[in-house]
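Here the structure comes first, spelled out in structure tokens, and everything after it is commentary.
In the text below, chain A, chain B and the rest are named by the order of the sequence lines, each starting its count at 1.
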2 protein chains.
Amino acid sequence: MAFAIMREEGVEKVTMRRLANELDTGPASIYVYVQNTAELHGALLDELLFGLVLPAEGADAQWRERLIELLESYTSLLFRYPSLARSVLTLRPSGANYLRLIETVLQLLQVGGVTGRRAAWGVDLLLQHATAMAAEQGTRSEEGDLDDGPQLQVMAIREADAEGYPGIDQVRDELFSGTGEQRMRWAFDAIIEGVAAVEPAA
Amino acid sequence: MAFAIMREEGVEKVTMRRLANELDTGPASIYVYVQNTAELHGALLDELLFGLVLPAEGADAQWRERLIELLESYTSLLFRYPSLARSVLTLRPSGANYLRLIETVLQLLQVGGVTGRRAAWGVDLLLQHATAMAAEQGTRSEEGDLDDGPQLQVMAIREADAEGYPGIDQVRDELFSGTGEQRMRWAFDAIIEGVAAVEPAA
DNA sequence: ACCTGAACACCGTTCAAGT
DNA sequence: ACCTGAACACCGTTCAAGT
């Protein structure tokens, strides 16, 4: 039921009240099954993750490519549900399918020689970045790109004068360069690089 | 007015209706000054950023330390207003003070020899991470840490069996190790490392 | 014991009408 | 021209009361 609404109208419509209505009862009844809205969203995420394609086995040398692909799949899955991404960001999901995702990321990191604390803290960082990107980017396309007028930030940056903002001036065009996909790929690549390279201080 | 509410009761209370009420008028009146809630939050962020302490000038060799400090200041400023952080994540702020923050981060990166596309895309990645962390971590302390019961995710990970989840098993304790501050520092360090090292594909 | 109607305390946004 | 009362269309959560 919840999934039908989610598919057809987006997660943002899966509210306690809406769900209750669909089930011909009052909102109080939903509270018999979940504690609060966060828990409801957690359940929806895990259902969605059931459809996440985990990377096929492959040569160990390609761990990094496979990891990036996995993170991209996860991100694009959340992209379709920006408001779910926004709740997931503050959720610490605990469902079986999310656990599987953590496990797979960890295994790929370990194959790549990233172990111990760097791997443990790295999973967190990578999954958090994926979620944040979906929460961020997703909303922008959800709302109309047209009626906002040309994005205010873009305008402000384009107009920042070279004397007051020399740093911006030097990379002005690069700030808006690349497709979303290129930037996403690079971001994952850079984070993985850093996670692999930087040993946390003891 | 808005800032008084923000200081005393949190940004989440600075709603169109609440603000209107405080000004002894109806909610419609606020729409004369801002287009929507997102714009209202954008204005609040910029006001807050006015108080952000930019790093003092220093030896070029310390650019990295100074960058991390700046990002930590920004994060802890947002930490105090988790729900603002959540809107900022989907906001692309455009206020003067936010522009100043972008400029400062860019300058520090450039001092460190990170230029062009890596610097441009790097600012985005670093500021987005700061915001996401505040949005994420902040909420957890906003709600009671006690009544949720012990965090569900922590429980699920502690109980993941070693056969089904060998990756998790190998770093089980590290997944929860470190203080928030240590993990934040490491995350910024790792991202900066990656941003500096990974050249985007042409 | 299990479920829920109805209420409480809110939201954002719009628009016709008033000054 | 500028502002706003009142309405529309919603929210999450609780609790007394019903089956």
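A donor-acceptor contact under 3.5 angstrom links the side chains of A:Glu174 and A:Ser177, judged on distance only. In this structure, a donor-acceptor pair under 3.5 Å is present between the side chains of A:Glu12 and A:Ser83. Between B:Gln128 and B:Thr131, the side chains place no donor N or O within less than 3.5 Å of an acceptor N or O (distance only, hydrogens not considered).
Salt-bridge formation is not detected for the pair B:Glu22/B:Lys13: no Lys NZ or Arg NE/NH1/NH2 atom is positioned less than 4.0 Å from an Asp or Glu carboxylate oxygen. A salt bridge links A:Arg64 with A:Glu193: the closest approach of a Lys/Arg side-chain nitrogen to an acidic carboxylate oxygen falls below 4.0 angstrom.
Counting 5' to 3', DNA chain C first comes under 4.0 angstrom of a heavy atom of chain B and last does so at the ends given by C:dC11 to C:dC15.
Distance check on atom C1': C:dA6 versus C:dC10 gives 16 Å, rounded to whole Å. Between the C1' atoms of D:dC15 and C:dC2, the separation comes to 15 Å (whole Å). A distance of about 23 Å separates the P atoms of D:dC3 and D:dA7, rounded to the whole Å.
Positionally, the nearest nucleotide of DNA chain C for A:Val32 lies more toward the 5' end than for the other of A:Val32 and A:Pro27. Each of A:Ala28 and A:Lys13 was matched to the nucleotide of DNA chain D holding its nearest heavy atom; the match closer to the 5' end belongs to A:Lys13.
Under the side-chain contact (heavy atoms from CB on, under 4.5 Å) rule, B:Tyr98 has a single partner from B:Leu91, B:Leu52, B:Leu127, B:Leu48, which is B:Leu127.
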Secondary structure of DNA chain D per the Watson-Crick/G-U criterion (both distances under 3.5 Å; [ ] crossing, | other strand, . unpaired) is ||.|||||...|||||.||
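Rounding to the nearest 0.5 Å gives a distance of 5.0 Å between CD of B:Glu163 and CG of B:Asp161.
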Given A:Glu9 and A:Arg18, is the salt bridge (Lys or Arg N to Asp or Glu O under 4.0 Å) satisfied, shown in steps? CA-CA 11 Å; A:Glu9 307 181 54; A:Arg18 176 66 194 282; 2.8 Å; yes
